[in-house]
Amino acid sequence: MPTPEHKSSEPWEGSSDFVWTDKAYDLLQQDLLHAEISFAGGVLSSRVWGSCPRCAGLLDDRQVLTAVSDFITSRGTAAEESSGGEPPFVVVDVTCHCGVQHPNAPEGSMGCGVSFRVELEAESDPAAHQGQT
């Protein structure tokens, strides 16, 4: 895997094509990309780290998923009802910010620019979110 000192030859590409989500899933299965959600102090957060599915640069994406309107909880409840009571999935969109300056990247931008999606299973008990991968 490249380090931030590595100069990638992959040109920047502002793409959210499903192929990157598919490749991210493969990397998760190979334990080269990791994802977890956590719930602390009433706040749901995600972390996705490891290899970018396009450039293989190291990324570490952290997001707070709880909105003021508690959108995720209400969406999760609807998802539970529509799936017969099974735990909902939390969808996290990640854009490569691997720390490598890629050719043709917009000024000041780091990473290859592709975006992908990771789905994490959310337990119905918020305390169960801790350490989930």
**Q** Look only at the side chain of H34 and the backbone of W49, and say whether a donor-acceptor pair between them is shorter than 3.5 Å.
**A** no
**Q** On a heavy-atom basis, which atom in P11 and which in H102 lie closest, and how many Å separate them?
**A**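 That would be C-CB, 4.4 Å.
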**Q** Whether the side chain of S45 engages the backbone of V64 through a donor-acceptor N/O pair (distance < 3.5 Å, no angle test) should be reported.
**A** no
**Q** Are V94 and W12 grouped together when hydrophobic residues (ILVMFWY) are joined by side-chain heavy atoms under 4.5 angstrom apart?
**A**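 No; W12 is not reachable from V94 via cluster members.
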**Q** Verify the cluster assignment for V19 and L28: are they in a single hydrophobic cluster under the rule of side-chain heavy atoms below 4.5 Å apart?
**A**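 Linked within one cluster.
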**Q** State plainly whether the residues R47 and D60 are in salt-bridge range, i.e. N to O under 4.0 Å.
**A**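 Looking at R47 and D60, the cut-off is met.
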**Q** Please output the side-chain donor-acceptor pairs of residues 104-119 that fall under 3.5 Å, not counting sequence neighbours, one pair per line with the distance.
**A**
from	atom 1	to	atom 2	distance (Å)
S115	OG	T95	OG1	2.7
R117	NE	D93	OD1	2.7
R117	NH2	D93	OD1	3.1
R117	NH2	D93	OD2	3.0

**Q** Given the rule in the side-chain contact (heavy atoms from CB on, under 4.5 Å) test, do C98 and L58 qualify, once you have shown the distances and angles that lead to the verdict?
**A** CA-CA 5 Å; C98 65; L58 296 177; 5.7 Å; no
**Q** Ignoring hydrogens, what is the shortest heavy-atom contact between L65 and S46? Give both atom names and the distance.
**A** CD1-CB, 3.7 Å
**Q** Could you walk me through whether E13 and W20 pass the side-chain contact (heavy atoms from CB on, under 4.5 Å) test, one step at a time?
**A** CA-CA 12 Å; E13 179 182 325; W20 307 122; 4.1 Å; yes
**Q** What is the minimum heavy-atom distance between L120 and A35, and which atoms define it?
**A**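 Where L120 meets A35 most closely, the heavy atoms are CD2-CB, 3.4 Å.
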**Q** Do V92 and L32 share a hydrophobic cluster, counting only Ile, Leu, Val, Met, Phe, Trp and Tyr and linking them when any side-chain heavy atoms are less than 4.5 Å apart?
**A** yes
